[in-house]
Amino acid sequence: MKEKLAVIVNPISGIGRQKKIEKILRDNLNHDLFDYTVLYTEYRHHGIELARQAVDAGTDCVVAVGGDGSVNDVVQGLRGSKVRLGIIPTGSGNGLARSLRLPLIPALAVRVLNQRFPVTIDTIDINNKILSVNAAGVGFDAYIARLMHAAKTRGLAAYTNLIVREYASYKNQDYTLTVDGKTLQRNAWLIAVANSQQYGNNLTVAPKAKLDDGLIDITILDRIPPDHLAITVPLAFTKLFDLSAHVEIMKARELTIEGNLDKWVNIDGEGENIGKTIHFKVLPASLRLYGRDTHTPLRQLQSSIDLLTNTSNSK
């Protein structure tokens, strides 16, 4: 029996590779295995509603086409169900897709779906209200996510411009952390709460994090002096961030952060107004998805030497 797919597309996500998704699905999805419907989001968080409707309709797998924020919306809609998540990454960062070692070329990501390789990972519950599947945090990253929430343009260039513009003026803040029952005081520029290793674009904030270890990785970052940036930034792109003198990393099952004065939290790349006190709790093995069998080289997913050329032409 064929599986039922609901493919939820964010038409304004990332850098526009999602615009040809219907052709990519026609050309690359195994139609002997799947029947599918393509749905387009029309407003912020519409993906949550569409995913819930797909669950109620008996869908077997809901595929998110977009970036980490689009994936997060679908995950919210799948919460409490056994419906699988699929990912076709078309965002600007694609942190979760990169952590799962999914191909960033949409046609190859569709062919990964054809493998139907089952994977189960953790999620992080925030204030019994919303889930994070990739990385959350308070401080500077939440501030940038808040600014991006109101920005007219998306993508890596927009993020980079905001970071450069706001870096010098953003100051450390005092936080009270309760880590598995132990209270700590920290003056921090940023506190990341990570399920995977990276924010996106291989910017690694928690190099030892694992998606299925039943633990949250907490990265506490002091403000990096400008003259240390040339040394510290490369560490974040080489999975050596924990070697920096400005970084403290710990693991926990539960974390409460008090002192989040502006109330904003970065949740999988999107700014959300949550509150001054935020409680994070890992939900082990709470999300089922179709991932990649990493024993299968990407070249074996290509049916012909022309696949990459055809994909490029379809953009």
Side-chain angles (χ1 to χ4, degrees), residues 3-42 46-47 50-51 54 59-75 77-78 84-117 119 133-134 154-157 159 196 198-202 268-269 289-294 296-315:
E3 290 192 22
K4 293 173 61 178
L5 295 187
V7 182
I8 298 178
V9 183
N10 180 352
I12 62 171
S13 171
I15 55 178
R17 290 181 295 178
Q18 76 286 4
K19 293 181 179 179
K20 301 294 185 180
I21 189 61
E22 293 190 39
K23 181 179 187 304
I24 291 170
L25 289 166
R26 286 196 304 269
D27 293 347
N28 295 279
L29 191 66
N30 187 331
H31 300 282
D32 292 329
L33 297 177
F34 300 109
D35 285 325
Y36 69 94
T37 302
V38 180
L39 306 167
Y40 292 89
T41 60
E42 299 176 3
H46 189 198
L50 293 177
T59 302
D60 298 296
C61 175
V62 180
V63 181
V65 182
D68 288 317
S70 302
V71 172
N72 182 282
D73 279 352
V74 171
V75 170
L78 299 184
R84 290 195 183 273
L85 168 72
I87 302 174
I88 300 175
T90 62
S92 54
N94 303 309
L96 182 61
R98 291 174 189 269
S99 295
L100 291 165
R101 298 180 65 185
L102 295 176
L104 301 184
I105 298 171
L108 294 186
V110 172
R111 293 184 173 227
V112 166
L113 287 174
N114 293 335
Q115 293 182 322
R116 296 194 295 185
F117 186 75
V119 175
V133 68
N134 187 54
R154 307 286 292 180
L156 179 60
Y159 274 103
S196 78
Q198 63 171 280
Y199 282 135
N201 289 301
N202 292 319
D268 295 347
L289 56 89
Y290 280 140
R292 175 185 160 202
D293 181 355
T294 55
T296 301
L298 285 176
R299 64 179 179 271
Q300 292 185 20
L301 297 173
Q302 302 178 32
S303 62
S304 73
I305 196 170
D306 295 326
L307 176 61
L308 293 180
T309 301
N310 291 340
T311 302
S312 177
N313 290 338
S314 69
K315 292 179 182 179

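All values below come from the heavy atoms of this structure, side chains included, with hydrogens, waters and symmetry mates left out.
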Next item on the list: Would you name the heavy atoms of Arg292 and Val112 that are closest together and state the gap between them?
Entry: CA-CG1, 3.8 Å
Margin query: I need the Leu39 CG to Thr37 OG1 distance, nearest 0.5 Å.
Written below: 6.0 Å
Note to self: Please find the pair of heavy atoms, one from Ala51 and one from Ile8, that lie closest to each other, and give the distance.
What the structure shows: N-CD1, 3.5 Å
Note to self: I need the Leu104 CG to Thr90 OG1 distance, nearest 0.5 Å.
What the structure shows: 10.5 Å
Check: Where the side chain of Asn28 meets the backbone of Arg111, is there a donor-acceptor pair that is under 3.5 Å apart?
Finding: no
Item checked: Asn201 side, atom CG; Arg98 side, atom CZ - distance, nearest 0.5 Å -> 5.0 Å
Note to self: Can you give me the closest heavy-atom contact between Ser99 and Gln198, atom names plus distance?
What the structure shows: OG-CG, 3.8 Å
Next item on the list: Rounded to the nearest 0.5 Å, what's the gap from CG on Leu289 to CG on Leu113? Could you check?
Entry: 10.0 Å
Item checked: Closest non-hydrogen atom pair between Ser70 and Asn10, with its separation -> OG-ND2, 3.1 Å
Notebook entry, point to check: In Å and rounded to the nearest 0.5 Å, what is the OG1 to CG distance from Thr59 to Leu5?
Noted result: 8.5 Å
Note to self: If I take atom CG from residue Asp35 and atom NZ from residue Lys4, how far apart are they, to the nearest 0.5 angstrom?
What the structure shows: 9.0 Å
Check: For Ile24, does its backbone N or O pair with a side-chain atom of Asp27 as donor and acceptor, under 3.5 Å?
Finding: no
Notebook entry, point to check: Minimum heavy-atom separation for Leu50 to Tyr40, with atom names?
Noted result: CD1-O, 4.0 Å
Next item on the list: Could you tell me whether a side-chain N or O of Arg84 sits under 3.5 Å from a main-chain N or O of Cys61, the two making a donor and an acceptor?
Entry: no
Margin query: Using every non-hydrogen atom in the two residues, find where Pro103 and Pro89 come nearest and quote the distance to one decimal.
Written below: O-CG, 3.4 Å
Notebook entry, point to check: Would you say the side-chain atoms of Asn114 and Asn30 include a donor-acceptor pair closer than 3.5 Å?
Noted result: no
Check: Hey, are the side chains of Ile88 and Val63 touching, using non-hydrogen atoms and a 4.5 Å cut-off?
Finding: yes
Note to self: Does Leu100 form a side chain to side chain contact (heavy atoms under 4.5 Å, CB included) with Ile87? I'd like the steps, not just the answer.
What the structure shows: CA-CA 10 Å; Leu100 291 165; Ile87 302 174; 4.0 Å; yes
Item checked: Audit row: Val9, Thr41, side chain to side chain contact (heavy atoms under 4.5 Å, CB included) steps and yes/no -> CA-CA 6 Å; Val9 183; Thr41 60; over 6 Å; no
Next item on the list: Assign the ring pair Tyr290 / Phe34 to parallel, tilted or perpendicular, where the plane angle (0 to 90°) is split at 30° and 60°.
Entry: perpendicular
Next item on the list: Tell me, please, which residues at least two apart from Arg116 pass salt bridge (charged side-chain N to carboxylate O under 4.0 Å, His left out).
Entry: Glu3
Note to self: Any heavy-atom pair between the side chains of Tyr36 and Arg26 that's under 4.5 Å?
What the structure shows: yes
Margin query: Test your reading of the model: is there a side-chain donor-acceptor pair from Asn134 to the backbone of Asp68, 3.5 Å cut-off?
Written below: no
